[in-house]
K.L.:
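Mind looking over this structure? Questions follow.
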Amino acid sequence: MLSVHNLVKVYPGPVTALRGVGLDVPTGMFGLLGPNGAGKSTLMKILAGTLEATSGSVTLDGEDILADPMRVRSQLGYLPQDFGFYPNLTGEQMLTYLLKLKGVQAPNGQKRLAAELLARVNLAFAAKRKLKGYSGGMRQRLGIAQAIAGDPRILIVDEPTAGLDPEERHRFYRLLAELARDRTVLLSTHIVEDVAVLCPRFVVIAAGSIVAVTTPEEARKNLEGKIFEGTGTDDDLVALRDRYRVTQAVLVEGENRVRIHVPSGRAPSGFSPVVASLEDAYMTVVGSGPGGAAAPNGDGRTLAGATPVRAAAGGES
Ligand code: ADP
């Protein structure tokens, strides 16, 4: 089990990016969901050993991995958010180069290993193509190929689906789900759909703190009878934001279609109950409005009814 204990990161400035994060990551797919600037990449970089924490510890089966990152390096694969590619190399050349850089053992030769990895991520057909001709999804799959070299027990993927079109995203989901069958995959994302599709369990991170640990089903269930939908003018929307947490506001045929969170279950006139989505659950935590992360006293910063993280993570966060 990968465990994070009271992790703090303060960048020069100072900018406090992580404020005492505590977390247990089980085997399988585990999501880290949060808005931009929440601290996801900072946490992923520290776990992957590419950034030093200010304080706190990370253990893998009880062994401190921050104290000796090299010892556990072979057990960790990492796909960073800003993965760099050389556009004029072929997929095979780029991967072979990365494998050498990582010092991955290849008893049957680097070329053979590269071919096996490319096949694993369904890129064998593009091995000889230059990377400048790869789609976003193909590049991300190549990134996964280097991350899974050496068969690591833990795979850390930072915002891997950002910028992928829906078809590529779904292909990438399938690959991640397959990889999570026999290892831990820690997926950071700001896209609620990633978590809904992939993660039996996830945490929500906001402003450097973990604010909830839950499951998609639990998160939706806890909002039953509390999400309502209606339409209104721009002025109505302003008034609604003052009174309720607005979980969605979209223009449909020139009118605002608005979803609101009403903890009492007593909706304003003209609003009807709807089935809660995971997006509604997420917005009740990180959205602006009364009771959310933006509230001055921080009241309500738990995913409606989800396990408060203090209880789940041993009071560390
Ligand atoms: P996320 O991945 O959730 O978008 P980050 O971990 O990238 O969040 O950033 C968390 C906070 O730390 C943000 O306020 C960001 O501006 C700040 N930050 C990130 N990297 C640096 C850095 N190198 N120096 C100073 N501040 C940083």
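Here the structure is a predicted model, which is why all the values come from computation and not from measurement. Remember, it's 1-based here, ligands and their atoms both numbered in the order they're listed.
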K.L.:
Which ligand 1 atoms are under 4.0 Å away from a heavy-atom of Asn36?
P.N.:
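That gives atoms 4 (O) of ligand 1.
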
K.L.:
Would you confirm whether Asn222, through its side chain, and Ala219, through its main-chain N or O, come within 3.5 Å as a donor-acceptor pair?
P.N.:
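Side chain of Asn222 to backbone of Ala219, a donor-acceptor pair under 3.5 Å: no, none is there.
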
K.L.:
Please state which protein non-hydrogen atom is closest to atom 18 (N) of ligand 1 and give its distance, to 0.1 Å?
P.N.:
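The closest heavy atom on the protein side is Tyr11 CE1, 3.4 Å.
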
K.L.:
Please indicate whether any nitrogen or oxygen in Gly39 is less than 3.5 Å from any nitrogen or oxygen in ligand 1.
P.N.:
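Yes, Gly39 has an N/O under 3.5 Å of an N/O on ligand 1.
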
K.L.:
Only heavy atoms count here, so choose which of Gly13, Ala206, Gly37 is nearest to atom 4 (O) of ligand 1.
P.N.:
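Nearest option to atom 4 (O) of ligand 1, by heavy atoms: Gly37.
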
K.L.:
Give a yes-or-no answer on whether the side chains of Ser57 and Asp64 include a donor-acceptor pair shorter than 3.5 Å.
P.N.:
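Their side chains do not contain a donor-acceptor pair, so the 3.5 Å distance test is not met.
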
K.L.:
My understanding is that only one of Leu33, Thr215, Val213 makes a side-chain contact (heavy atoms from CB on, under 4.5 Å) with Phe202; could you say which?
P.N.:
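Filter result, single survivor: Leu33.
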
K.L.:
Would you confirm whether Glu63, through its side chain, and Leu60, through its main-chain N or O, come within 3.5 Å as a donor-acceptor pair?
P.N.:
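No: the side chain of Glu63 does not pair with the backbone of Leu60.
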
K.L.:
Salt bridge (Lys or Arg N to Asp or Glu O under 4.0 Å) for Glu116 and Arg120? Distances and angles first, verdict last.
P.N.:
CA-CA 6 Å; Glu116 283 166 10; Arg120 185 81 208 275; over 6 Å; no

K.L.:
Please report which non-hydrogen protein atom sits nearest to atom 6 (O) of ligand 1, along with the residue it belongs to and the distance in Å to one decimal place.
P.N.:
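Of every protein heavy atom, Thr42 OG1, 2.5 Å lies nearest to atom 6 (O) of ligand 1.
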
K.L.:
For ligand 1, note which part of Pro35 has a heavy atom under 4.0 Å away: side chain, backbone, both or neither.
P.N.:
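Just the backbone.
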
K.L.:
Assess the side chains of Gln81 and Ser41: does a donor N or O sit below 3.5 Å from an acceptor N or O?
P.N.:
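Indeed, the side chains of Gln81 and Ser41 share at least one donor-acceptor pair under 3.5 Å.
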
K.L.:
Which of the atoms in ligand 1, numbered in the order shown and given with their element, are less than 4.0 Å from a heavy-atom of Ala17?
P.N.:
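The atoms of ligand 1 under 4.0 Å from a heavy atom of Ala17 are 10 (C), 11 (C), 12 (O).
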
K.L.:
Tell me: protein heavy atom nearest atom 14 (O) of ligand 1, and distance?
P.N.:
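Nearest neighbour among protein heavy atoms for atom 14 (O) of ligand 1, to 0.1 Å: Val15 CG1, 3.9 Å.
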
K.L.:
Would you check whether Lys40 has a nitrogen or oxygen atom less than 3.5 angstrom from a nitrogen or oxygen atom of ligand 1?
P.N.:
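Looking only at distances, the answer is yes, because the N/O contact criterion of under 3.5 Å is met.
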
K.L.:
Hey, could you give me the CZ/CG distance between Arg174 and Leu198, rounded to the nearest 0.5 Å?
P.N.:
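Here the rounded value is 10.5 Å.
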
K.L.:
Just distances here: any N/O of Ala38 and N/O of ligand 1 closer than 3.5 Å?
P.N.:
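Looking only at distances, the answer is yes, because the N/O contact criterion of under 3.5 Å is met.
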
K.L.:
Could you tell me if the side chain of Leu223 sits less than 4.5 Å from the side chain of Thr284, heavy atoms only?
P.N.:
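Result yes, sub-4.5 Å side-chain heavy-atom pair found.
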
K.L.:
Would you verify that at least one protein heavy atom lies under 4.0 Å from atom 16 (O) of ligand 1, or report that none does?
P.N.:
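Under the 4.0 Å cut-off, atom 16 (O) of ligand 1 has no protein heavy-atom neighbours at all.
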
K.L.:
Does Glu159 reach ligand 1 with a nitrogen or oxygen that is under 3.5 Å from one of the ligand's nitrogen or oxygen atoms?
P.N.:
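No; the residue has no nitrogen or oxygen that sits under 3.5 Å from a nitrogen or oxygen of the ligand.
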
K.L.:
Say whether Tyr11 and Thr54, considering side chains only, have a donor N or O and an acceptor N or O under 3.5 Å apart.
P.N.:
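The criterion, which ignores hydrogens and geometry beyond distance, is not satisfied for Thr54 and Tyr11.
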
K.L.:
Tell me: protein heavy atom nearest atom 2 (O) of ligand 1, and distance?
P.N.:
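For atom 2 (O) of ligand 1, the nearest protein heavy atom is Ser41 N, 2.8 Å.
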
